[in-house]
Q: 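Please see the structure below; I have some questions.
As the structure is a prediction and not an experimental result, all values here were calculated from the model. As the structure lists them, so they are numbered: ligands from 1, and atoms in each ligand from 1.
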Amino acid sequence: MSHWTTADIPRQDGKLAIVTGANSGIGLHAARELARAGCTVILACRSAEKSNSTRQRIVQEIPTALVEDAVLDLASLSSIRDFATAFLATRRPLDLLINNAGVMALPKRQLTADGFELQIGTNHLGHFALTGLLLPALLAASSARIVTVSSLAHRDGKIRLDDLQWERDYKPWPAYRQSKLANLLFGKELERRLLKAGVPTQSNIVHPGIASTSLFRNGPGSGGGLKNAIFPIVIALLGQSEEQGALPTLYAATAPEAQGGHYYGPDGFREMKGYPVEVKNEAQADDPALAAKLWELSEKLTGVHYDFSAASSRNK
Ligand SMILES: NC(=O)c1ccc[n+]([C@@H]2O[C@H](COP(=O)([O-])OP(=O)(O)OC[C@H]3O[C@@H](n4cnc5c(N)ncnc54)[C@H](OP(=O)(O)O)[C@@H]3O)[C@@H](O)[C@H]2O)c1
């Protein structure tokens with residue numbers, strides 16, 4: 001059986017993508033391969049320095065790459081609004097939005113600028129707000145795709161509707177699992193709403209398996225102690241490369257056969273490594289009642305309300 005690789009990415013000339021967390025790990029490799037395929041890629045990073053040096057790095061490797069710098073801090077609603085306002089002012093249709101940036105299992109409870117627990121705030125609420133604000137540009141493209149990066153860790157996740165911010169009894173891993181289950185619930189609920197609006201825009205979800213990226217050093221690895229120091233080393237031995245970890249994202253973003261609402265990840269042992277295929281999520285990620293409650297809460301917390309009306313009028 002032949003595997004899907006970057007060689008299978010169809011040409012993306014004329015398309016425009018935004019990749020969050022494009023300066024590192026999976027986001028960097030996804031951005032670079034989209035650019036190699038001819039896509040114009042906006043590198044949305046949390047500082048101008050990171051975005052700028054990433055652009056230079058990509059252009060050095062691919063001189064024809066069309067890559068642009070941008071500053072986006074997903075842990076700040078005002079940064080998200082500034083980014084979206086500046087982008088919408090350009091009136092460019094957006095073909096691809098890759099909701100990739102993330103933080104994992106932070107040893108101590110930290111907060112975003114708006115007082116959200118940092119993992120749910122960055123991984124879910126930040127991307128929820130960003131996608132909602134960019135919706136007009138996504139609906140203006142002929143068949144846009146939104147790819148949201150979840151994790152194997154969603155499996156034991158619980159959404160604490162009564163304490164989403166972990167004000168009680170913070171635990172690093174359950175807080176991460178909650179945020180990654182939220183990514184799946186969001187991606188699937190968004191697809192249902194896009195379908196209802198009758199537009200060709202797709203929302204699909206991926207996980208990278210286990211890829212040896214900075215996520216482990218910056219998250220659990222930052223906690224001190226022998227166990228935390230060894231953790232990134234074990235991951236490096238068990239997991240796959242960053243490049244390979246970016247394949248499900250690239251598949252979901254570009255493969256003609258990838259479908260809205262579906263979930264893609266690696267095909268190897270326990271989905272830890274391998275090549276992209278459709279994979280199964282845990283049943284609770286398909287619970288529309290839970291997804292609707294999370295959506296409502298996310299709207300309330302971020303103040304971002306999705307407006308599909310542009311889509312409805314386009315399809316009349
Ligand atoms: N690696 C894995 O095995 C694995 C497994 C399952 C899921 N994932 C998911 O894959 C995604 C990418 O992670 P990765 O493994 O590639 O880790 P990574 O190398 O640490 O990349 C994470 C990216 O997110 C960015 N980021 C963090 N907080 C941000 C914020 N507030 N605003 C904007 N950008 C922010 C980081 O920017 P800075 O460089 O500024 O920190 C970095 O560019 C995450 O959603 C993660 O949950 C990874």
Q: Who else is in Val59's hydrophobic cluster (ILVMFWY, side-chain heavy atoms under 4.5 Å, direct or via others)?
A: Trp4, Ile9, Val19, Leu28, Leu34, Val41, Leu43, Ile58, Ile62, Val67, Leu96, Ile98, Val147, Val149, Val206, Leu247, Leu250, Tyr251, Tyr264, Tyr275

Q: Taking the six-membered ring for Trp, is the centroid-to-centroid distance between Tyr263 and His154 below 6.0 Å?
A: yes

Q: Looking only at side-chain N and O atoms, does Asn99 offer a donor or acceptor that is under 3.5 Å from a partner on Thr131?
A: yes

Q: Linking Ile, Leu, Val, Met, Phe, Trp and Tyr through side-chain heavy atoms less than 4.5 Å apart, which residues share a cluster with Val71?
A: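 Hydrophobic cluster check, Val71: no partners found.
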
Q: Taking only residues two or more places apart in sequence or in another chain, which ones pass side chain to side chain donor-acceptor pair (under 3.5 Å) with Glu33?
A: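 Here the qualifying residues are Arg36.
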
Q: For ligand 1, give me the residues whose heavy-atom distance to it is below 4.0 Å, by chain and number please.
A: Gly21, Asn23, Ser24, Gly25, Ile26, Arg46, Lys50, Leu72, Asp73, Leu74, Ala75, Asn100, Ala101, Gly102, Val103, Thr122, Val149, Ser150, Ser151, Tyr176, Lys180, Pro208, Gly209, Ile210, Ala211, Thr213, Ser214, Leu215, Phe216

Q: Donor-acceptor pair, Ser150 side chain versus Lys180 backbone, under 3.5 Å?
A: yes

